[in-house]
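Heads up, the thing below is written out as structure tokens.
Here is how names work: the chains are called A, B, and so on, in the same order as the sequence lines, proteins then strands, and each is numbered from 1. What you see is a predicted model; the values in this text were computed from it and never measured.
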2 protein chains.
Amino acid sequence: MKKSIENKSVKMRDVADHVGVSAATVSRALRNPEVVSEALRTKIAAAIESLGYLPDPAARALASTRSDVIGVILPSVTNNVFSAVMDGIYSAAEGTRYSVQLGYSRYAPLSEENLIRLFLRQRPTGLIVTGIDQTDAAKALLQEADCPVVQIMETGPAPHDRMIGFSHYQAARAATAHLIAQGYSQPGFLGARMDPRTQRRLQGFRDELRAHGIDEGRRVHSTTYPSSVTLGGHLLAQLMDAAPETDAIFCINDDLALGAMFEAQRRNLRIPQDLGICGFNDMEMMGAAEPSLTSVRTFRREMGAGAVQLILDALSGGARPDGNIVDLGFEIMPRHSTRRNS
Amino acid sequence: MKKSIENKSVKMRDVADHVGVSAATVSRALRNPEVVSEALRTKIAAAIESLGYLPDPAARALASTRSDVIGVILPSVTNNVFSAVMDGIYSAAEGTRYSVQLGYSRYAPLSEENLIRLFLRQRPTGLIVTGIDQTDAAKALLQEADCPVVQIMETGPAPHDRMIGFSHYQAARAATAHLIAQGYSQPGFLGARMDPRTQRRLQGFRDELRAHGIDEGRRVHSTTYPSSVTLGGHLLAQLMDAAPETDAIFCINDDLALGAMFEAQRRNLRIPQDLGICGFNDMEMMGAAEPSLTSVRTFRREMGAGAVQLILDALSGGARPDGNIVDLGFEIMPRHSTRRNS
DNA sequence: TTGTATGCGTTATCAA
DNA sequence: TTGATAACGCATACAA
């Protein structure tokens, strides 16, 4: 079965001629196979295969007022938290007839709004956006969108449509509670970028401290710079200089945690005795580090795949029983870096 | 200037009516502004702005037999080597009228071939593919493609069209030479995935050893599993068990190097005295690690951005003087993990 | 410099 | 179940 490479633009019409039917029938064989007779269907399929026909997505989109793309808007290319999300998205889209169109907002709400506008112009099959912090205009656009919209990475009270993620606030509280349960009494906070999602994590940290009657003192250190391993080291240095009593840190993400670990080693702070460290996201390296690092596991790949599935579900049926909000939760992964008791 | 949100599909015709010209003029104002009178151009621009007009990409593609997408085919979503490449690509495409369409081959040549076929069907503005190891069919497709094609990540003798990258073979030789120059006499090799690009790095390692009359012994350890920090630890463990004389390692990438470092620490091997470590790619963490880790810096973001630029150049002109091959080179970043002398 | 007319490849409406 | 035919929104001859 040698596949034709020289398919210099074979079109639906050519397939139709080859079989001896009208183009309309070929179109139906592709879109609504069930209304085409078995006999024709197989002949058409064979012709498509032998001619190497591939439909023109532009023509299809123009005629059907619907393109087969799933638009995805993420805040960052480089933050590898989103690599896993993308992996899930692409995996779930693979094998379907939908293709993925990616846009990056660079954490800029206005840029996100423009991307939404742009993507909507293509009449996509579905739209996946990150988080719950859209501009008002963006919210309006999403509200009017005539396609399923899924918000990922977070859960919240009022989804535009559907939503899959977890509570960053609760996750941060749980992480902080873990530190306290391990006997740390002066936990600090290391944050970077400090986008709204991160802010909610800080809020969780603070509320948990308060719930235990612990004053945060000068132990919250953050910056709006994007996070990095290097930055984690710098932030820990600042923190320890400003608040030497700090005996544990909750880091907004694993890069900061890793950098903080290295800095702690440079300062000859013993982990976990002198300093407990907890990261966020539980990237693969956390378990492999020496010492291994505690983190909050999040289900990033599942969020991506789940979001696509939510769109597919929406296409082929109604609302979900769970009110269209899927909370994937999180999981504290206790490791050596916070193993003070026992 | 409140932007219309309720642009329920305003089309070129609406803009034209609003200004009192024909749709063709609006079209020209967008595509060939220079042939439209100054007066009309500004009026049209104003109308577009106030009506919130956005062109329909499908209609545009259909009518012009050319879509404004730049197709990009990468092997992996999760390998964050490619995050930086994507960052470069998206940055360079931003502000142009082109949008990026991403496809992932999962390191499967056949899957890459299918993606090329699929993307070409959209008559893209340009195509960016990874490396030089396409199937014959894919090569044929690229050869016939009626758009600029850029191969990234690598240089090689016979580009399909244009090429931007570096020599993995030379980079590996240089890294190995660095280890030897630092006084290590029994360097080992840690590899994962072992795709063709990685194989060429291994070849470089071997040839450099040979050039110094060093026998590789049992010090080459690799696996086809995808690389990870954890795997780096396992591989080092295997290597040290099989070849305890090993005094340095060249790792196929930074994740392996980091994992090897952790494993070395677990085994109480002193870095760099007992074991020198060199990674590949020079991710941000390498300089921040404790001890800091030597690596081979590669210009990933620049490859992405450069690839887009090559396409843009091709569109607006002829061939480059340099034979259409851009070699971005690499740079050895010597750090503590190989600082044995001095 | 601008307008008119036609076509891009597919889907959808309507008949048959 | 299938076939003609008219959109879909825009770009480009060609004419003016």
Practice item. Using the side chain to side chain donor-acceptor pair (under 3.5 Å) rule, take B/Gln122 and B/Ser67 through it: C-alpha gap first, then chi angles, then the decisive distance, then the call. Key: CA-CA 6 Å; B/Gln122 304 184 38; B/Ser67 74; 4.6 Å; no
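For B/Asp17 and B/Arg13, the salt-bridge test passes: some basic side-chain N is under 4.0 Å from an acidic carboxylate O. Residues A/Asp195 and A/Arg193 are not paired through a salt bridge, judged by the lack of any N-O separation under 4.0 Å between the basic side chain and the carboxylate.
Between B/Leu118 and B/Arg121, the closest side-chain pair of non-hydrogen atoms is not below 4.5 Å. Counting only heavy atoms from C-beta outward, the side chains of A/Asp146 and A/Arg66 approach each other to under 4.5 Å. The closest side-chain heavy-atom distance from A/Arg31 to A/Arg60 is below 4.5 Å. Under the 4.5 Å side-chain criterion, counting only non-hydrogen atoms from C-beta, B/Val81 is in contact with B/Met153.
Here B/Tyr53 does not reach the OP1 or OP2 of D/dG9: none of its side-chain N or O atoms lies under 4.0 Å away. A/Ser27 has a side-chain polar atom (N or O) that falls below the 4.0 Å cut-off from OP1 or OP2 of C/dT11.
Within residues 59-70 of chain A, the residues having any heavy atom closer than 4.0 Å to DNA chain C are, in order of number, A/Ala59, A/Arg60, A/Ala63, A/Ser64. Within residues 31-44 of chain A, the residues having any heavy atom under 4.0 Å from DNA chain D are, by residue number, A/Val35, A/Val36, A/Ser37, A/Leu40.
Nearest heavy atom pair, residue A/Ile164 against residue A/Met303, reads CG2-O, 3.8 Å. The two residues B/Tyr53 and B/Lys11 have their closest heavy-atom pair at CE1-C, 3.4 Å.
Between the CZ atom of A/Arg13 and the P atom of D/dG3 there is a distance of 11 Å, given to the nearest Å. As a whole-Å value, the separation of A/Arg123 CZ from C/dT11 C1' is 12 Å. Atom-to-atom, CZ of A/Arg28 to P of D/dT1 comes out at 11 Å; the value is rounded to the nearest Å. The distance from atom CG of A/Leu30 to atom P of C/dT11 is 7 Å, rounded to the nearest whole Å.
Picking from C/dT4, D/dG3, D/dG9 the nucleotide with the shortest atom distance to the side chain of B/Ser9 gives D/dG9. You'll find that the side chain of B/Lys11 is closest to D/dG9, out of D/dG3, D/dG9, D/dA11. The side chain of A/Met12 lies closest to C/dT10, out of C/dT10, C/dT4, D/dA11.
For the pair B/Arg121 and B/Ser22, nearest-nucleotide mapping onto DNA chain C gives the more 5' position to B/Ser22.
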